[in-house]
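First comes the structure, then the notes that go with it.
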Amino acid sequence: MSKVRTRFAPSPTGFMHIGNLRTCLYAYLFAKKNNGEFVLRIEDTDQERYVEGAVDVIYSTLKKAGIQHDEGPDKDGGYGPYIQSERKSLYLEYAKELVDKGGAYYCFCDKERLESLKDDKGIAKYDKHCLSLSKEEVQKRLADGEPYVIRQNIPAEGVSEYDDMVFGHISVPNEDMEDGILIKSDGMPTYNFANVVDDHLMAINYVIRGVEYLSSTPKYNLMYDGFGWQRPHYMHLSPIMKDAQRKLSKRYGDANFEDFLEKGYLPKAIVNYIALLGWSPKGNEEKLSMDELVEQFDVDGISKSPSIFDEAKMRWLNGEYIKQMTPEEFVEVAKPYFEKSKVAGKYDYFALAKLLIPRVEVLGEIPEKVDFLEEFGEYDTTMFEHKKMKITKEIALNNLKAIKEDLKDFEDWTDEALKEKLSGLAEKLACKSGQVFLPLRLALTGVASTPGGATEMAELLGKEESMRRLDFSIELLAKNM
RNA sequence: GGCUCCAUGGUCAAGCGGUCAAGACAUCGCCCUUUCACGGCGGUAACUCGGGUUCGAUUCCCGAUGGAGUCACCA
């Protein structure tokens, strides 16, 4: 049996759509799982859509995602060139070969005639008008320099069938397939044709791609047959949806890999999540590394129906990856977000990291979680009322005053020491410890949710700032009874 | 509209003739707790509908309904 070879063939559009990345991932996983090769090919035949630097985006995305191609424009494996625009000259020759073999024919029909074929819905099927042209007439018109295209010659009757690895048996009536254009009037191949030729020339034997090609695959097979080439195996993948009706697409925003990175998702988490969208492992473990994905990947687990992208679950998974990090690792990836926040350069990022690691799911939450350290002013005092702790504004105010008195001359301003000191105070006041810690935490921060307890916040702020905020809060609370 | 394909909780999904129909996210409740979290425990929640086949259908077949894809000198 020949070696498994899969490919990922993106167009350089300047961004990597999540759906494409998943297709890429599956092609990679399948190849690696079977000790095969994974090839990167750039499909840039559509010059109108060409975007500067877009190829670099593809390289960097694959690299960040942890997907390594065995062959590609930057890694010659003997099947190059790997950029479609550099293969231009190939296609016309192959198209002519297919014409000779009867699988295709020249067509001279102009736009007007084609237009006249359309029905009231604007849907047309080419009527094989030029198929009946004699060899001599074709030669003559070609010699006259008449514009032409080359069309695939699809049998008028019968049924074309194949077996898809995920969808099973697919059969399409030949009469429903149009004689599509293989070579455009400018001499360039259409995607469909270039794809078949490239895949064959690159010895791709497992074609993994989106379902949009499921029903046109018989046409591709007819080309393989026409050339006398061996048909590849096919694995079609259902789309990732934004909701039940809409496909996830760049048109609706934030569906690109880069967008998620910016929001503070870790590449590993994104890859892990999208691997699970449309495929499920045999076991129940969902947090899987790339190595584990390769090991567990199996066509059996691929689902046929479209799946809806659920960012909430990806957030959770991202949080799981963050919780595993050491403070050092966290600071490294979180640094840009610290720099964006108000605490930039003013606090020990490592100290903050320890508090933040269990509390952050996406790095983008960092600024909102730490900004209170630098931003302190009037806030809503109803926060002091807490039924479960049995705290009223009166109790809070009383206890805050007591705390101020107790801490006035206290110098050991560390989390541990303060905790002990204040526990003692709670005992003296004969109240629950929460009744002193909760008001203090609020008094020091002015926000309902903080990345740690009262004494941790106090240590972070330092004695001077803590006492200043305590004074401010006592006054504010007294004013708002 | 023609053709192709799909159909289990809100979401991702396991299941491949006999199960109290897994698990995860989300959600709700309880516990832990120095707030917020983390963590632990538990709850709510699903086989689209109608016909068959079968001793027995979520599972197999047919139909309906719903959804996706496709029908370009775009990829």
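Convention: sequence-line order gives letters A, B, ...; per-chain numbering from 1.
Spacing of P atoms, B:C3 relative to B:G15, comes out at 32 Å, to the nearest Å. For the C1' atoms, the distance from B:U4 to B:G42 is 46 Å, rounded to whole Å. Rounded to a whole angstrom, the distance from the C1' atom of B:C16 to that of B:G69 is 26 Å. Separating the P atom of B:G63 from that of B:G2 is a span of 14 Å, rounded to the nearest Å. Between B:A75 and B:G67, the distance separating the two P atoms is 31 Å to the nearest Å.
Listed nucleotides B:C38, B:C36, B:C73 differ in distance to A:Lys323; the shortest reach to its side chain belongs to B:C38. Checked against B:C38, B:A13, B:A24, the side chain of A:Pro358 finds its nearest nucleotide in B:C38.
Atom P of nucleotide B:U11 and atom CH2 of A:Trp316 are separated by 18 Å, given to the nearest angstrom. As a whole-Å value, the separation of A:Glu175 CD from B:C3 P is 9 Å. Here B:C25 presents its P atom at 11 Å from CG of A:Asn284, a figure rounded to the nearest Å. Atom CD1 of A:Ile322 is separated from atom P of B:G39 by 13 Å (rounded to the nearest Å). When the P atom of B:C5 is taken as reference, atom CD of A:Glu161 falls 10 Å away, rounded to whole Å.
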The test is side chain to side chain contact (heavy atoms under 4.5 Å, CB included); show your working for A:Val57 and A:Phe257 and say whether it passes.
CA-CA 10 Å; A:Val57 173; A:Phe257 185 66; over 6 Å; no

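Every residue meeting the side chain to side chain donor-acceptor pair (under 3.5 Å) condition with A:Tyr265, not counting sequence neighbours, appears here in chain and number order: A:Glu311.
The stretch residues 427-438 of chain A comes close to RNA chain B through A:Phe437, A:Leu438, each having a heavy atom under 4.0 Å from the strand.
A salt bridge links A:Arg41 with A:Glu43; the closest basic N to acidic carboxylate O contact falls under 4.0 Å. Using a cut-off of 4.0 Å between Lys/Arg side-chain N and Asp/Glu carboxylate O, A:Glu465 and A:Arg469 are scored as salt-bridged. Using a cut-off of 4.0 Å between Lys/Arg side-chain N and Asp/Glu carboxylate O, A:Asp164 and A:Lys304 are scored as not salt-bridged. A:Lys421 has no carboxylate O lying under 4.0 Å from a charged side-chain N of A:Asp412, or vice versa, which leaves the two without a salt bridge.
In this structure, A:Ser238 reaches neither bases nor backbone, as no heavy-atom distance under 4.0 Å exists between it and the strands shown.
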